[in-house]
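Taking it in order: structure first as structure tokens, then the write-up.
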2 protein chains.
Amino acid sequence: MASLTEGNTRPVRLADIAKAAGVSHGTASNVFSRPEIVREEVRERVKAAAEAMGYAGPDPKGRLLRAGKVNAIGVATTDPLSYFFDDPYARAMMASISATCDATGTGIALVSAGNEEKLAWNIQSALVDGFILFCIEGGSRLVELTLERKLPFVALELGFEDDRVSAIGVDNVAGARLAARHLAGLGHRRFAVLSLAFADDSTGLVSPGQVQAAVYTGTRDRLAGYFEELSRFGVDTARVPVYETENDEASTWAGLETIFASAEPPTAILAMSDRTAMIAIEWLAARDIAVPRDVSIVGFDGVPDAALCDPALTTVAQPIAEIGRRAARRILDFDGTVRRETLDVELVVRASSGPPPTRA
Amino acid sequence: MASLTEGNTRPVRLADIAKAAGVSHGTASNVFSRPEIVREEVRERVKAAAEAMGYAGPDPKGRLLRAGKVNAIGVATTDPLSYFFDDPYARAMMASISATCDATGTGIALVSAGNEEKLAWNIQSALVDGFILFCIEGGSRLVELTLERKLPFVALELGFEDDRVSAIGVDNVAGARLAARHLAGLGHRRFAVLSLAFADDSTGLVSPGQVQAAVYTGTRDRLAGYFEELSRFGVDTARVPVYETENDEASTWAGLETIFASAEPPTAILAMSDRTAMIAIEWLAARDIAVPRDVSIVGFDGVPDAALCDPALTTVAQPIAEIGRRAARRILDFDGTVRRETLDVELVVRASSGPPPTRA
DNA sequence: CACTTTCGTTGGATCGATTCAAATTTTGGC
DNA sequence: GCCAAAATTTGAATCGATCCAACGAAAGTG
């Protein structure tokens, strides 16, 4: 006797159960995709055969090829995948993107790439209908790679002035000016900037030359905005220390050490991300430097956590939810056009900023 | 003249460029997948043709069918997709899962299902090699559906005693006992429990009958652990209010209102999740009830945030990273076996628990 | 009863690649 | 210049479904 029916390890295919039930594969397919057009008796027979043979249902791999549409959008970054769950900005953005996807029954595929080779492969082989790119850093390479897929995609940052790529971002110059004006208006004159990267893998104090050579225009624009506004208030921006961080604890701490080692430490810090700003608040608290009594801080991004930290962070809020919604919509309702949108930011004044200490 | 070459809208296929370059599609395929085995001259010719025709590279949809392996693992929940980015437990777990996936170049597909119909479809059509299921709530249905796909999967919770499903979880009874013993040992005798759901869609004060009928055994086990240990200390568990929350603000607030409306409010709260515990801490702070002076709280889960809130939360820590790592590994190295693992929890004592107030 | 509809079913074509045994071309040795 | 071995290239088969034109059977019509 032994085993007499079907092959042992090989998974059961639609064709197998069609044969077993004595119908054509076309009919078998209909049983699953449009059961109402199949006569009940036949339908039951096919279902019974499927059950008996342990059929797992139509394999999406097969369907996909025919259908053409994956029904998933890829979200890509050059950071490790955990970025999506760790970084507060990414999280807020993902929450908005996923809400939109949820509403339309679209799936989300997370794509990352630590190193060059894997990046390429992961982008090339992602099963998605389009991409949303987080291109805070190392964006250009990501964009090139994605361009090759010839799928709809949108960059979350207006980084490069490339008119082949759709993008959604904020007016960084205007936002930075809001922050600077707020602090200068409160009376501050001694500033320091906790910056994001200007180019790949750079950190540390920044020279004007490096600013000129900035690859990441988002960073450059924010700095430009800060400086423009500070100049109006008579601040000599050449003497404002700009420390480039990697938006993490280690590099931000290093920056603060450097900045506060100065003979004339700042009374106000302009941070280019809320994350850096919040790290700075903790660093200062640990050293008994009171915020905002001794030092004021203004962040950038407007992540939800910024409202909850202590003291609550004054920040330039991006419309994160709106950006996420639009990005997802742009992929879902892709119409073949390239568009670049700039949304407005808003200064949210909270407890981390106040007048400078009355002067020693 | 007009347009004479290729179809206009239709995307370019491998076969198209093979024809254009005058080679077989087999060779064209090799140019992309194993370039080293095709003669340089031919390779260049094919690449040139691809370039000229705007070929996007081998379509993963096609490859997939042949290759069989998607190289992605699906993570599913019955909550909305944003759960993965909002809930601290989910986030910590995802960070660990994604680190493992990153290391192996595996993608992650997020799958969710608000309503029944979509749930089914999303699970059935997910392009993945296996699933990791977050089945905190509504798990059984999710498991049934996933079972039908006949793909490897693992449940993150030992919820059901179903030996068809692999699972990784913690010893809930032991963990709950640690929490209860800690508080009782400090001298507390008046307790309240902020519980998770015992069954679908239930909230509110729980009767012993409901506990008996618990569908979610994780919740039931934690409560059993609490009560076992409290009994040893002579606490009449029948009088301990157990309030079922949905692990969110609204229901937790409601629970606290109820619990503290009592004539003899508790001096100690056993919360079945850190999230609930942290929400409780905020609620109490807003009412000037000092933690731990007036009320002690012990959470459950050991999420990273618990160490950062104020006061830092005493909690029963699950080895979240380890669970995530093992879950991902179980899918990646699937060997056809079903296994259920129970990991140990650990009581982490922080600032939210202390002796009860010296009695009025 | 012949004739049109309607309903279900069939089976070939297709989606876009990869694979592999067989055919062909090159290369190397003498 | 001939033959075996090595290097390339070919083209049919396959992956697992869905789609659709065509066809047969049952139902409806005058």
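Numbered from 1 within each chain, the chains take letters A, B, ... in sequence-line order.
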Whether A:Ser96 side chain and A:Ala321 backbone form a donor-acceptor pair below 3.5 Å: yes
Separation of C:dT26 C1' from B:Glu41 CD (nearest whole Å): 14 Å
Sub-4.5 Å side-chain heavy-atom contact between A:Arg326 and A:Thr100: no
B:Ser24 side chain, from C-beta outward: closest of D:dC15, D:dA17, D:dT10: D:dT10
Given D:dC19, D:dG16, C:dA17, the nucleotide with the shortest approach to the side chain of A:Arg34: D:dC19
Upstream residue (5' side of DNA chain C) when A:Arg39 and A:His25 are each assigned their closest nucleotide: A:Arg39
Closest listed nucleotide, where the reference is the side chain of A:Arg66 and the choices are C:dT18, C:dG16, D:dT18: D:dT18
Among C:dT19, C:dG16, D:dG16, the one nearest A:Pro11 by side-chain distance: D:dG16
Rounded distance in Å - NZ (A:Lys19) to C1' (C:dG11): 15 Å
Aromatic ring pairing A:Phe85/B:Phe85, orientation class (parallel under 30°, perpendicular over 60°, tilted between): parallel
Rounded distance in Å - CG (A:Asn30) to C1' (D:dT18): 9 Å
Nearest-nucleotide comparison on DNA chain D, the residue closer to the 5′ end among B:Ala67 and B:Val23: B:Val23
Spacing between B:Leu65 atom CG and D:dT18 atom P, to the nearest angstrom: 12 Å
Distance test, side-chain N/O of B:Ser29 to OP1/OP2 of C:dT18, below 4.0 Å: yes
Rounded distance (Å) that lies between atom C1' of D:dA17 and atom NZ of B:Lys61: 15 Å
Spacing of B:Phe84 atom CZ and B:Ile108 atom CD1 [to the nearest 0.5 Å]: 9.5 Å
Presence of A:Thr27 side-chain N/O under 4.0 Å of C:dT10 phosphate oxygens OP1/OP2: yes
Min side-chain heavy-atom separation A:Val111-A:Ile123 under 4.5 Å: yes
D:dC15 OP1/OP2 closer than 4.0 Å to side-chain N/O of A:Arg10: yes
Length of the CG-C1' vector between A:Leu64 and C:dG16, whole Å: 10 Å
Distance in angstrom units between B:Asp59 CG and C:dC15 C1', rounded: 9 Å
Interatomic distance where CZ belongs to B:Arg45 and C1' belongs to D:dT9 [whole Å]: 11 Å
Nucleotide of D:dG16, C:dA17, C:dT10 approaching B:Arg13 most closely (side-chain heavy atoms): C:dA17
Under-4.0 Å side-chain N/O to phosphate OP1/OP2 contact, B:Tyr55 with C:dG16: no
